[in-house]
Novice: 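The following block contains the structure, expressed as structure tokens.
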Amino acid sequence: MTQRLTPERSVHRQEDSIVTLEAVRSWPSSGARQWTIDAVAVAIHHSAIRAIVASGSCVRDVANCDDLDLVLVYRKCRPTLPRPPIGVDLQQHEVAEVPQKLEGGHDFLSWAVRFGRPLFERDRWWSRLRADWNDRLSLPSAAEARKRARRAQQLHQEMQALGDHDAAMENYVSMLTHLARAALSDAGIVPWSRPELAHQLRGIGEQLLADRLDDALARRYG
């Protein structure tokens with residue numbers, strides 16, 4: 001049975017584990033919040049789970065939360081969890097693979113190491129990983145970001161042709177996001193979360209791209 005974590009118990013220690021939900025500044029939805037609470041409760045009693053880490057705009061000091069990115073690290077036995085709801089992007093990685101993926105420049109994991117906040121960790125596994133890797137992570141690949149931008153642009157055009165304007169807008173925002181990340185990587189700057197990218201772009205003189213991204217996000221949230 002899944003253990004329910006109430007707000008009063010949102011921060012506590014249990015044996016060799018540390019649990020905290022306060023790292024999430026805002027939730028995409030009540031369903032996303034409850035799913036995450038249940039996943040952390042499972043982790044407490046599942047010895048294979050070493051850490052659950054939240055990243056993305058939901059752990060940043062921004063006005064709008066796009067989604068909650070979660071990294072779950074496990075040892076040998078991959079846990080079975082219910083499908084995450086919309087608004088939660090979950091990636092699961094085996095302990096032995098994490099250093100290899102960081103060495104290869106894995107964007108999702110690298111961002112989590114730099115900016116993520118552990119909701120659960122056993123034996124300070126994530127804290128030790130961050131201390132070991134934080135100063136030797138590579139910048140996200142600008143070439144890969146531009147490749148993703150081209151793919152998002154193609155999907156944007158296809159959705160526009162089909163009359164699916166919501167999907168077209170999502171892909172337009174995605175295209176601009178990838179272009180922003182590419183520009184920042186080219187400038188030697190680590191990209192922050194999506195709502196913060198326009199501010200970073202203006203700092204390197206990319207005013208036009210910053211304005212386009214701000215306008216697209218305003219229309220999306222509008």
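Along the sequence shown, residues are numbered consecutively beginning with 1.
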Novice: Within the side chain of R122, is there an N or O that forms a donor-acceptor pair under 3.5 Å with the backbone of A43?
Specialist: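 Yes, the answer is positive, given that a donor and an acceptor are paired below the 3.5 Å cut-off.
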
Novice: Say you draw a straight line from SG of C65 to CH2 of W27; how long is it, rounded to the nearest 0.5 Å?
Specialist: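 Going from the SG atom of C65 to the CH2 atom of W27 covers 9.5 Å.
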
Novice: Can a side-chain donor-acceptor contact be found between R194 and S57 if the only test is distance below 3.5 angstrom?
Specialist: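 Not at all, the side chains of S57 and R194 share no donor-acceptor pair under 3.5 Å.
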
Novice: Is any side-chain heavy atom of F108 closer than 4.5 Å to one of D89?
Specialist: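 Yes, side chains in contact.
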
Novice: Can you check whether L119 reaches T36 side chain to side chain, under 4.5 Å on heavy atoms?
Specialist: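 Contact flag for L119/T36 side chains = yes.
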
Novice: Could you go through W35 and L70, starting from their C-alpha distance and side-chain angles, then the distance that decides it, and tell me whether this counts as side chain to side chain contact (heavy atoms under 4.5 Å, CB included)?
Specialist: CA-CA 11 Å; W35 187 93; L70 291 179; 3.7 Å; yes

Novice: Under 3.5 Å, which donor-acceptor pairs do the side chains of residues 160-167 form with other protein atoms, sequence neighbours left out?
Specialist:
unit_1: Q160; atom_1: OE1; unit_2: H165; atom_2: ND1; d: 3.1
unit_1: D164; atom_1: OD1; unit_2: A167; atom_2: N; d: 3.2

Novice: Tell me whether R128 is salt-bridged to D132, with the criterion being a basic N under 4.0 Å from an acidic carboxylate O.
Specialist: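 Salt bridge flag = no for D132 with R128.
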
Novice: Check this for me: does any side-chain nitrogen of one of R146 and D186 sit under 4.0 Å from a carboxylate oxygen of the other?
Specialist: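 Yes, charged N to carboxylate O under 4.0 Å.
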
Novice: Would you call R60 and E196 a salt bridge, taking side-chain N to carboxylate O under 4.0 Å as the test?
Specialist: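 Salt bridge flag = yes for E196 with R60.
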
Novice: Check whether more than 12 heavy atoms from other residues, nucleotides or ligands sit under 6.0 Å from atom CZ of R136, and answer yes or no.
Specialist: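 Correct, the count exceeds 12.
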
Novice: Might you work through the side chain to side chain contact (heavy atoms under 4.5 Å, CB included) test for S193 and V62, ending with a clear yes or no?
Specialist: CA-CA 9 Å; S193 68; V62 297; 4.1 Å; yes

Novice: Cluster question for you: counting only ILVMFWY and a side-chain heavy-atom cut-off of under 4.5 Å, with indirect links fine, are W126 and I49 together?
Specialist: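 No; tracing contacts between hydrophobic side chains, which count when under 4.5 Å, never links both residues.
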
Novice: Which atoms form the tightest heavy-atom contact between W125 and A51, and what is the distance?
Specialist: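 Closest pair (atom of W125, atom of A51, distance): CE3-CB, 4.4 Å.
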
Novice: Ignoring hydrogens and geometry, is there a side-chain-to-backbone donor-acceptor pair from E121 to S127 under 3.5 Å?
Specialist: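 Flag set: sc E121 to bb S127 pair under 3.5 Å.
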
Novice: Between R202 and D214, is there a side-chain N and carboxylate O pair less than 4.0 Å apart?
Specialist: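 Looking at R202 and D214, the cut-off is met.
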
Novice: Answer yes or no: is there a donor N or O on one side and an acceptor on the other, between the side chain of Q200 and the main chain of V190, under 3.5 Å?
Specialist: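 Flag set: sc Q200 to bb V190 pair under 3.5 Å.
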
Novice: Run the side chain to side chain contact (heavy atoms under 4.5 Å, CB included) check on W133 and R114 step by step: do they pass?
Specialist: CA-CA 9 Å; W133 277 93; R114 282 190 173 102; over 6 Å; no

Novice: Looking at SG of C58 and CG of D69, how far apart are the two atoms once the value is rounded to the nearest 0.5 Å?
Specialist: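 Separation between the atoms: 8.0 Å.
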
Novice: For A210 versus A198, what's the shortest heavy-atom pair and its separation?
Specialist: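 Scanning both residues completely, I find the closest heavy atoms to be CB-O, 3.5 Å.
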
Novice: Check S110 against L137 and note the closest heavy-atom contact, atom names and distance.
Specialist: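 Taking every non-hydrogen atom into account, O-CD1, 3.7 Å.
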
Novice: Are I52 and L81 connected in a single hydrophobic cluster, I mean Ile/Leu/Val/Met/Phe/Trp/Tyr linked by side-chain heavy atoms less than 4.5 Å apart?
Specialist: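 Same cluster: L81 reaches I52 through Ile, Leu, Val, Met, Phe, Trp or Tyr contacts under 4.5 Å.
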
Novice: Which value, rounded to the nearest 0.5 Å, describes the distance between N171 atom CG and L155 atom CG?
Specialist: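 It comes to 4.5 Å.
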
Novice: Can you list the steps and then say if Q91 with H93 is a side-chain hydrogen bond (donor to acceptor under 3.5 Å, both in side chains)?
Specialist: CA-CA 7 Å; Q91 288 195 10; H93 302 275; 3.0 Å; yes

Novice: To the nearest 0.5 Å, what is the distance between CD (E97) and CG (L109)?
Specialist: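 That separation rounds to 10.0 Å.
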
Novice: For the residue pair E158 and Q154, confirm or rule out a side-chain donor-acceptor distance under 3.5 Å.
Specialist: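 Indeed, the side chains of E158 and Q154 share at least one donor-acceptor pair under 3.5 Å.
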
Novice: Give a yes or no on whether R117 atom CZ has more than 12 heavy-atom contacts from other residues, nucleotides or ligands under 6.0 Å away.
Specialist: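 Result for CZ/R117: open.
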
Novice: How long is the gap from OG on S47 to NZ on K76, to the nearest 0.5 Å?
Specialist: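 Reported value, rounded in 0.5 Å steps: 11.0 Å.
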
Novice: On a heavy-atom basis, which atom in H46 and which in P79 lie closest, and how many Å separate them?
Specialist: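 For H46 and P79, the tightest heavy-atom pair comes out as NE2-CB, 3.8 Å.
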
Novice: What's the shortest heavy-atom distance between L139 and S185, and which atoms?
Specialist: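 Where L139 meets S185 most closely, the heavy atoms are CD1-O, 3.7 Å.
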
Novice: Could you walk me through whether Y172 and M159 pass the side chain to side chain contact (heavy atoms under 4.5 Å, CB included) check?
Specialist: CA-CA 10 Å; Y172 180 66; M159 293 302 102; over 6 Å; no

Novice: Can D107 and R148 be counted as an ion pair, charged N to O under 4.0 angstrom?
Specialist: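 So D107 pairs with R148 through a salt bridge.
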
Novice: Is there a path of hydrophobic side-chain contacts, each under 4.5 Å between heavy atoms, that joins L90 and V40?
Specialist: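 As far as the 4.5 Å side-chain criterion goes, V40 and L90 are connected within one cluster.
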
Novice: To the nearest 0.5 Å, what is the distance between CD on Q153 and NE2 on H178?
Specialist: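 Q153 atom CD to H178 atom NE2 measures 12.0 Å (nearest 0.5 Å).
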
Novice: Using side-chain contact (heavy atoms from CB on, under 4.5 Å) as the criterion, point out the one residue from L176, L213, L209, L179 that pairs with L197.
Specialist: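 It is L213; the other options fail the test.
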
Novice: Taking the side chain as every heavy atom from C-beta outward, state whether M175 and R150 have any pair of such atoms under 4.5 Å apart.
Specialist: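 The answer is no; the side chains never approach within 4.5 Å.
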
Novice: If hydrophobic clusters are built by linking Ile, Leu, Val, Met, Phe, Trp and Tyr wherever their side-chain heavy atoms come under 4.5 Å apart, do M169 and L217 end up in the same one?
Specialist: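 Yes, M169 and L217 fall within the same hydrophobic cluster.
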
Novice: Under 4.5 Å between side-chain heavy atoms, counting indirect links through other Ile/Leu/Val/Met/Phe/Trp/Tyr residues: same cluster for V19 and L129 or not?
Specialist: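 The answer is no; the residues belong to distinct hydrophobic clusters.
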
Novice: Output yes when a side-chain donor or acceptor of R25 lies under 3.5 Å from a complementary backbone atom of E22, and no otherwise.
Specialist: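 Here the side-chain-to-backbone pair does not exist.
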
Novice: With a 4.5 Å heavy-atom cut-off, do Y74 and Q92 have their side chains touching?
Specialist: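 Yes - at least one pair of side-chain heavy atoms lies under 4.5 Å apart.
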
Novice: Which pair of heavy atoms, one from F120 and one from I44, lies closest together, and at what distance?
Specialist: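 Scanning both residues, the minimum pair turns out to be CE1-CA, 4.0 Å.
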
Novice: Is there a donor-acceptor contact under 3.5 Å from the side chain of W111 to the main chain of P191?
Specialist: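 Such a contact is found between W111 side chain and P191 backbone.
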
